[in-house]
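Below: one structure, written as structure tokens.
Order of listing sets the numbers, starting from 1, for every ligand and every atom in it.
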Amino acid sequence: MLRILEQACGDPVQQMKNERSATVSKILNFSCVDGPGNRLVIFLQGCNFDCKSCHNPHTIGQCDSCGLCIPSCPAQALSLSEPYGSGVIHWDTDLCIKCDACLEACPKQASPKTRQYTVTQLLAVIRKNSPFITGVTVSGGEASLQLMFIVDLFSALKSSPDLQHLSCMLDTNGSLSESGWHKLLPYLDGAMVDLKAWQTETHKWLTGRDNHRVFRSIELLASRGKLYEVRLLHIPGKSDFDSEITALAGYLQRLPSSTKIRLNAFRHHGVKGEALEWQTCSEADMTALAEGLTKLGITSLVLPSAYL
Ligand code: SF4
Ligand code: SF4
């Protein structure tokens, strides 16, 4: 009888097995800095940029279950399901003491502390938090590397009567292709795009990639009314927003007036490698950049609330 019912209604366990899943590094139940209002933020693992200034470098790589981080764990929270080299890394959340020693030990900028989520599983998380939020933001890493999962998730949100009031936003480095954007746009309410540098060469030096696609993404989103925010990370003496301020301001002025221009201050927190030697961005550095942009007609600036 059960089998007949499953055939008629569809087996929910089988449906979940057939669903796409995403590698999730973290879920934040509440944020007020990742888009408008109160938002649940889903951070996906993996990035196609390799930013020297990255504050979360362990979100860049994908874990290949090499097992090298296991000995670093003081709580025996990590194990391989099979002998080294052939198994899958297992993270025991009950044992984990959140010391992050495994992140330091990983040679691939990855993390053993990720989880696979299907759309159904994430909808359950979102549903539980829905009374307290106005929307969902998918972030990274670079979230758009798992584009079709985001399309499925946002499409499911838009077609769920009890969740369709939640806005769907993407936090991105802007590297998605035009054809990729066209898949997502029907379900997307807005995007926050990082512009890491003005000059192509500076961008390439800072991120490993040039910025042509970033500009194309900004312009495409602007033309569709879906550019919520452009984010500029000010690294004094390294990013070129102050030296290229006239060209930058001219570009930003041509964007829709509703677009927020968020200025972020470079800090050392989480950063690795040569960027630890770089000067951080002080309030005075940021004020100088903001005043320069304001003089050139940029009025929609959002500045950091603290410089800790
Ligand atoms: S997190 Fe890094 S070190 Fe640990 S198993 Fe994965 S790839 Fe290997
Ligand atoms: S963060 Fe958790 S899993 Fe990683 S080393 Fe520390 S206790 Fe182990």
- Task: Following the transitive rule for hydrophobic clusters with a side-chain heavy-atom cut-off under 4.5 Å over Ile, Leu, Val, Met, Phe, Trp and Tyr, establish whether L176 and M148 coincide in one cluster.
- Result: yes

- Query: Does K108 NZ have over 12 foreign heavy atoms under 6.0 Å away?
  - Reply: yes

- Which atoms of ligand 2 have any heavy atom of C99 under 4.0 Å away? 1 (S), 5 (S), 6 (Fe), 7 (S)

Do any side-chain atoms of residues 272-279 form donor-acceptor pairs under 3.5 angstrom with protein atoms, and if so which ones, sequence neighbours left out?
{"residue": "E274", "atom": "OE2", "partner": "K52", "partner atom": "NZ", "Å": "3.1"}
{"residue": "Q279", "atom": "NE2", "partner": "D285", "partner atom": "OD2", "Å": "3.3"}

Exercise answer: donor-acceptor pairs, residues 186-193 side-chain atoms, under 3.5 Å, sequence neighbours excluded:
{"residue": "D189", "atom": "OD1", "partner": "K158", "partner atom": "NZ", "Å": "3.3"}
{"residue": "D189", "atom": "OD2", "partner": "K158", "partner atom": "NZ", "Å": "2.5"}
{"residue": "D189", "atom": "OD2", "partner": "C168", "partner atom": "N", "Å": "2.7"}

- Mark up the atoms of ligand 2 that fall under 4.0 Å of a heavy atom belonging to D100, in ascending order. 1 (S), 6 (Fe)

- Near ligand 1, at a heavy-atom separation below 4.0 Å: residues by chain and residue number: C63, D64, S65, C66, G67, L68, C69, I89, C106, P107, K108, S111, P112

- Using the ring of each side chain (for Trp, its six-membered ring), is Y251 parallel, tilted or perpendicular to F215, with breaks at 30° and 60°? perpendicular

- Members sharing I60's hydrophobic cluster (side chains within less than 4.5 Å): none

- Message: Would R20 and D152 count as a salt bridge (Lys or Arg N to Asp or Glu O under 4.0 Å) here? Give the steps.
- Response: CA-CA 8 Å; R20 277 198 185 87; D152 287 356; 2.7 Å; yes

- Task: Using a strict 4.0 Å cut-off to heavy atoms of I97, name the atoms of ligand 2 that fall inside it.
- Result: 2 (Fe), 7 (S)

